[in-house]
Amino acid sequence: MEFNRVVGTRRSIRFFKSWRPVEREKLQVMFEAANRASRSMNADYFRAIVVNRDDLDAKTRDALRNPTTTADLDLAPTYIFWYIDLNYVEGAQDRLKELVDQHALSAAHGWSRAYVDDFLWPQVLEPISKDLNVVVFMGAVETGIAICNAINAAVDQGLGTCMHAFTANEQLKPLLGVPDSWLPVWLQLVGYPAEEPEAGGQRPRNAISKLFFEGHVDRPFEEDPEVTERLKRDGMIQTPGPFPYRAQEVKMLSRMYGLPE
Amino acid sequence: MTGAPDPHRGEAGAGERGGAGPLPAGDLPGELADFAAAASVQHWLERSGDGDGARLADIAMLQRFCGSIGTNPDDLVAQCLRSTRSGDTAISAAGRRRTDQAITAFVAAEGATGRDAIVLGNKLRAFLIHNGIFMQGSAAID
């Protein structure tokens with residue numbers, strides 16, 4: 001699938017084919033995509049544990065239920081638990097020098113091994129690593145970027161996915177062997193969509209002119225209609241929901257799974 | 001509703017029909033008419049009903065459930081709500097839990113098992129969901 005169409009086709013999928021497992025190779029693609037995501041300090045901010053729904057007992061699955069995540073847990077065959085590893089700064093000094101050696105960070109932009117050793121590490125990064133607020137903030141942002149790659153890789157492979165609040169960490173920690181330094185971020189449910197991949201149409205979004213600005217917040221970034229039309233052709237901008245049959249689609253899916261209507 | 005906040009307050013569409021739902025009480029068999037006239041039942045039918053005969057069975061089932069725990073539909077909703085110190089309406093976790101346990105017990109008493117049990121329980125949960133009470137229904141995937 002072309003990139004623009006992947007972005008445009010992504011939805012939060014909540015009805016999965018409960019009977020169809022996700023191929024391990026598709027998970028590998030998702031993880032590799034996440035691993036290729038942009039990251040400051042070339043640090044490994046995230047950790048993730050993939051678990052088959054059917055390998056979790058009913059009590060554990062029930063513990064994962066929360067005010068936004070319910071039947072989804074029954075329907076999705078694959079769970080990915082995403083964490084921030086709060087120790088991500090460890091090794092940053094060596095990783096940055098490695099980037100200097102690879103000329104990814106070069107003198108052209110002021111980088112040198114000495115700069116990393118004598119200034120950046122002792123005066124910036126090491127102090128930051130001791131500020132939990134900054135560590136969590138950066139960890140959340142960078143982990144989110146990685147998750148975004150995993151989401152798009154899932155969509156590109158015909159999978160459906162949705163991010164969910166990650167609760168019940170204390171129950172899961174011993175079960176999954178999660179160390180104390182891992183902070184839970186999101187539970188990603190993955191499977192093949194039982195609903196149409198369009199899931200009733202594209203969700204409402206504000207115009208980019210409300211969200212983006214040129215030079216000053218008083219100057220909205222106005223759309224070029226020709227670009228907008230091209231993005232429609234490319235599939236990034238799709239028919240907005242709800243499709244006329246969406247309510248019926250949800251009703252029939254609910255009946256298939258015996259869910260509340 | 002008896003002494004409870006109105007869960008429909010401020011909800012889009014609530015009250016648009018002036019209390020008349022898709023299955024007006026007058027169209028129902030006599031024994032269900034009074035029961036179905038309750039605001040919470042009308043609200044449920046407005047949101048979820050598709051007007052077919054199955055709705056009669058659903059209403060009758062809700063009536064049996066309410067009877068099994070000695071309450072009426074409006075109070076059933078109210079029992080899942082609470083008022084906060086600041087006067088806001090909140091969902092009562094304890095009320096939800098009690099109600100969910102009562103649904104499970106009712107389903108078992110009805111003799112339903114497997115998929116039938118899930119469907120039956122979720123029909124009752126749907127009544128509460130459409131009245132603003134967050135309930136967690138399992139899916140029948142086996």
Side-chain angles (χ1 to χ4, degrees), chain A residues 13-22 52-79 160 162 164-165 167-168 187 189 191-195 204 242 245-261, chain B residues 12-13 22-23 43-52 54-55 57-59 61-62 65 77 80-81 90-93 95-97 99-101 103-104 107 110 112-142:
Chain A
I13 294 296
R14 295 186 172 84
F15 291 99
F16 296 95
K17 292 177 177 172
S18 62
W19 59 89
R20 185 172 177 184
V22 175
N52 291 320
R53 172 199 60 204
D54 296 340
D55 291 338
L56 291 176
D57 59 42
K59 187 178 176 186
T60 305
R61 270 163 49 184
D62 278 345
L64 290 169
R65 294 178 188 274
N66 60 51
T68 59
T69 308
T70 59
D72 322 59
L73 292 162
D74 298 330
L75 301 181
T78 301
Y79 302 178
C162 185
H164 291 264
T167 51
L187 164 57
L189 300 182
Y192 283 90
E195 54 194 312
Y245 52 82
R246 175 61 175 171
Q248 189 71 8
E249 181 186 25
V250 169
K251 184 164 78 171
M252 299 313 290
L253 288 164
S254 298
R255 288 186 180 176
M256 180 170 75
Y257 287 121
L259 292 167
E261 294 177 38
Chain B
L23 280 177
H43 195 78
W44 170 44
L45 296 173
E46 280 180 12
R47 295 297 186 278
S48 69
D50 48 11
D52 59 25
R55 307 305 292 159
D58 292 347
I59 297 168
M61 180 184 64
L62 178 63
F65 173 63
V77 174
C80 295
L81 297 171
I91 293 176
S92 162
R96 277 184 56 234
R97 191 164 50 246
T99 302
D100 202 59
Q101 289 168 349
I103 288 172
T104 301
V107 167
E110 290 270 306
T113 57
R115 176 184 169 87
D116 290 344
I118 292 172
V119 172
L120 185 59
N122 282 343
K123 282 182 181 292
L124 292 170
R125 291 185 184 93
F127 163 76
L128 291 158
I129 289 168
H130 286 290
N131 279 284
I133 310 300
F134 179 80
M135 300 294 287
Q136 303 187 349
S138 294
I141 61 170
D142 295 324

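Residue numbers start from 1 in every chain, and the chains themselves are labelled A, B, ... in the order their sequence lines are given, proteins ahead of strands. All values below come from the heavy atoms of this structure, side chains included, with hydrogens, waters and symmetry mates left out. Small disclaimer: the values here were computed from a predicted structure and weren't measured.
For CE of A:M256, the number of neighbouring non-hydrogen atoms (other residues, nucleotides, ligands) closer than 6.0 Å is greater than 12.
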Distance-only criterion, 3.5 Å: show the donor-acceptor pairs between side-chain atoms of residues 135-142 of chain B and protein atoms not counting sequence neighbours.
{"unit_1": "B:Q136", "atom_1": "NE2", "unit_2": "A:N66", "atom_2": "O", "d": "3.2"}
{"unit_1": "B:S138", "atom_1": "OG", "unit_2": "A:R65", "atom_2": "NH2", "d": "3.2"}

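Judged as a side chain to side chain donor-acceptor pair (under 3.5 Å), and not counting sequence neighbours, B:R96 has no contacts.
Of the atoms belonging to B:I118, heavy atoms from both backbone and side chain fall under 4.5 Å from chain A.
Summarising the geometry of A:T70 relative to B:F134, their closest heavy-atom pair is CG2-CZ, 3.4 Å, with the distance given to 0.1 Å. Residues B:R115 and A:R255 approach most closely at NH2-O, 2.5 Å, considering heavy atoms.
Among A:P67, A:A71, A:S254, the residue making the largest number of heavy-atom pairs under 4.5 Å with chain B is A:P67.
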